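To start, the structure itself, in structure tokens.
Note that ligands are numbered from 1 as they come in the structure, with each ligand's atoms numbered from 1 the same way. Small disclaimer: the values here were computed from a predicted structure and weren't measured.
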Amino acid sequence: MKIEFFETIDSTNTYLYGKALDKELCEECAACADMQTAGKGRKGRSFYSPQNTGLYLSFLLFPEMELDKIMMLTPLTAVAAALCVKEMTDLDIKIKWVNDLYLEGKKVSGILTESSPYIKDNKPSFVVVGIGINILPPKGGFPDEIKDIAGALFDSLPERYDDLISFKRDLAQRITDRFYTMYKDPSRERFISEYRSLSMLDGKTVSIVDGPVVKVLGIEDDFGLKVMDDDGNISVLKAGEVSLLL
Ligand code: BTN
């Protein structure tokens, strides 16, 4: 899949979404930026994307698979990115359900998936999946709102890498290649076992946002989070957010 590189853009997701809306026949492709002026996060939040800090990468897809497989695109991106970061850096990256990447208790990456406004045969006509990875902390640190949660892969770039731009390009290419291979042949068994071995919540006590404190039992085959409350009631969360209790 071809990657278009930008120094600055509003948002790689917005760019590819607009491209798909404007030119219905454009091909599946990727966009990567060194900084975003209007980076978007989940739930209408913004995603802090300053220069010399992170990798901002999005994929435009025209999935022909069934809806249940389309729903796997976000965790698939998390697995592809986690494996590529591990391969390049040896860092102990984990996935925090459902699609954030964590390193030593801090969120270093998030994913935003957006679907086309049109649905045909119960499927979106296109999907944009975007991932942001904090490679270095921003100059002056993360903004107050996220400073307790956000982290970066490194404090400073290890000497074995020439410079941040070439590190980012290499990482973007690896994630794109791995993601696209998995996307074209999503073997659920292999992929779910990779997801499970990267998952950081198993056996942990978490608090469901706007809900109770529960113990995590594992990840279901459809990526639901199986949890048990204090009374022993077992349920499966299909979406939402949980926070890890120390
Ligand atoms: C989140 O954690 O809330 C999701 C963050 C997703 C950020 C990425 S950066 C590349 C792409 N472009 C965007 O505007 N957002 C996604």
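Aromatic rings of Tyr17 and Phe126 (six-membered ring for Trp) have centroids within the 6.0 Å cut-off, being under it.
In this structure, SG in Cys26 is found 6.0 Å from NZ in Lys19, a value given to the nearest 0.5 Å.
With hydrogens left out, the protein atom closest to atom 10 (C) of ligand 1 is Thr12 OG1, 3.3 Å, a heavy atom. In terms of protein heavy-atom proximity, atom 2 (O) of ligand 1 is nearest to Lys107 NZ, 2.5 Å. The protein atom (non-hydrogen) at minimum distance from atom 5 (C) of ligand 1 is Phe47 CD1, 3.4 Å. Ranking protein heavy atoms by distance to atom 3 (O) of ligand 1, first place goes to Arg42 N, 2.7 Å.
Residue Gly39 approaches ligand 1 through these ligand atoms, each under 4.0 Å from one of its heavy atoms: 14 (O). Near Gly132, meaning under 4.0 Å from one of its heavy atoms, ligand 1 places the atoms 7 (C), 8 (C), 9 (S). The distance from ligand 1 to the heavy atoms of Leu57 drops below 4.0 Å at these ligand atoms: 10 (C). Counting atoms of ligand 1 from 1 in the listed order, those under 4.0 Å from a heavy atom of Gly41 are 1 (C), 3 (O), 4 (C), 5 (C). Taking every heavy atom of Ser11 and a limit of under 4.0 angstrom, the matching atoms of ligand 1 come to 12 (N), 13 (C), 14 (O).
Hydrophobic cluster of Phe142: the remaining members, joined at side-chain heavy-atom separations below 4.5 Å, are Tyr48, Ile146, listed by chain and number.
Heavy-atom separations between Lys43 and ligand 1 are all 4.0 Å or longer.
The option with the heavy atom closest to atom 6 (C) of ligand 1, from among Arg45, Glu114, Lys40, Gln36, is Lys40.
Ion pairing between a basic and an acidic side chain is recognised when a charged N comes within 4.0 Å of a carboxylate O; Lys86 and Asp92 show such pairing. With salt bridges taken as basic N to acidic carboxylate O contacts below 4.0 Å, one links Asp222 and Lys238.
Across Leu225, Val214, Val98, Val209, a single residue satisfies side chain to side chain contact (heavy atoms under 4.5 Å, CB included) together with Val242, and that is Leu225.
A donor-acceptor contact under 3.5 angstrom links the side chains of Thr14 and Lys40, judged on distance only.
Heavy atoms of Thr14 found under 4.0 angstrom from ligand 1: none, in either backbone or side chain.
Counting heavy atoms from C-beta on, the side chains of Tyr195 and Ile95 come closer than 4.5 Å.
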